[in-house]
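All values derive from a computational prediction rather than experimental measurement. In what follows, every heavy atom counts, from backbone to side chain, and hydrogens, waters and symmetry copies are set aside. Atoms within each ligand, like the ligands themselves, are counted from 1 in listed order.
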Amino acid sequence: MRICRFDNNQLGVVQGNDIYDVSAALALLPKHAYPFPDHDLLIANLESLRPRLMQLMENAPKKALTDVQLLAPVANPGKIIAAPVNYLKHLEEARADKEIHHANQIGEIQRVGLFLKANSSLIGVSQPVELAHPERRNDHEAEVVVVIGKTGRNIAAKDALQYVAGYCAGLDMTTRGPEERSMRKSIDTYTVLGPWLVTADEIPDPGSLAFRLTVNGEERQNANTKDLVIDIPHLIEFASSFYTLNPGDLIFTGTPEGVGPVEPGDRIEMELEGVGTIAVNVTTMETV
Ligand code: MN
């Protein structure tokens, strides 16, 4: 099933080129008083809601995908975890290019571990990526994104895929420079997620997903998750040995070789096998 959020926080199921508005299901989510839970309510209840979503689709108002604004398919991730240098050829290019490494040592992922991106950086594909420091180099990083479906801690790799709600395409946008990754990759709009969430049952083997990224139609990245240094089950094992994973937590699995700069006016497209295509425009941040 393909789940999306669109327009005014409506809930949709995508089939072909249509969106079925199943927002009525949102009324079934548990009500929470302040403080709100640190997980995403929709993702936490997605399995139990699925039969209702199917029912609602029978009489749901339908819209063409081209007529809606797609929002990030996960509204309230508790945290956004990301894997640095998780493809060997990207490690090599990062070590070779001083515009990428900025005299920071680029270590292997097994040694440097994972990092976190601010939740406030998250957008869906209807919003542009707004460069905060256009005078610096700002790179695209195409990544397969795992959406965690249930709570777990110290999850073994062999059990890990049972904790996955689904998959999305993602962009881990990055300002290059000497600062910590978490600062340079947490700028507002620098985490793109979409176009929708494809539930895990539709992706039987996340270890073999082809994806490619173009800028203004020119191919920059072309890779497959079979080349991940730490594959998805072991990323979940690694992350959950440090953090409790909760429904709606996102894991950006790392970018392959071919990262490169974008400028205001560019259009970035990423196509992910089994999921779909995300396309965003690049602009500069409005100064207020
Ligand atoms: Mn990345």
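Applying the salt bridge (charged side-chain N to carboxylate O under 4.0 Å, His left out) rule to E263 yields no partners; only residues at least two apart in sequence or on another chain are considered. Remark: T174 engages E141, D172, R176, R184, K185 in a side-chain contact (heavy atoms from CB on, under 4.5 Å) (not counting sequence neighbours). Under the side-chain contact (heavy atoms from CB on, under 4.5 Å) criterion, D201 pairs with R50, T199, not counting sequence neighbours.
Taking 4.0 Å as the cut-off between side-chain N and carboxylate O, D67 and K62 do not count as a salt-bridged pair. We find that K63 and D7 are joined by a salt bridge, their nearest charged nitrogen and carboxylate oxygen being less than 4.0 Å apart. Here E108 pairs with R95 in a salt bridge; the nearest charged N to carboxylate O distance falls below 4.0 Å.
Tally of protein N, O or S atoms closer to the Mn ion (ligand 1) than 2.8 Å: 3.
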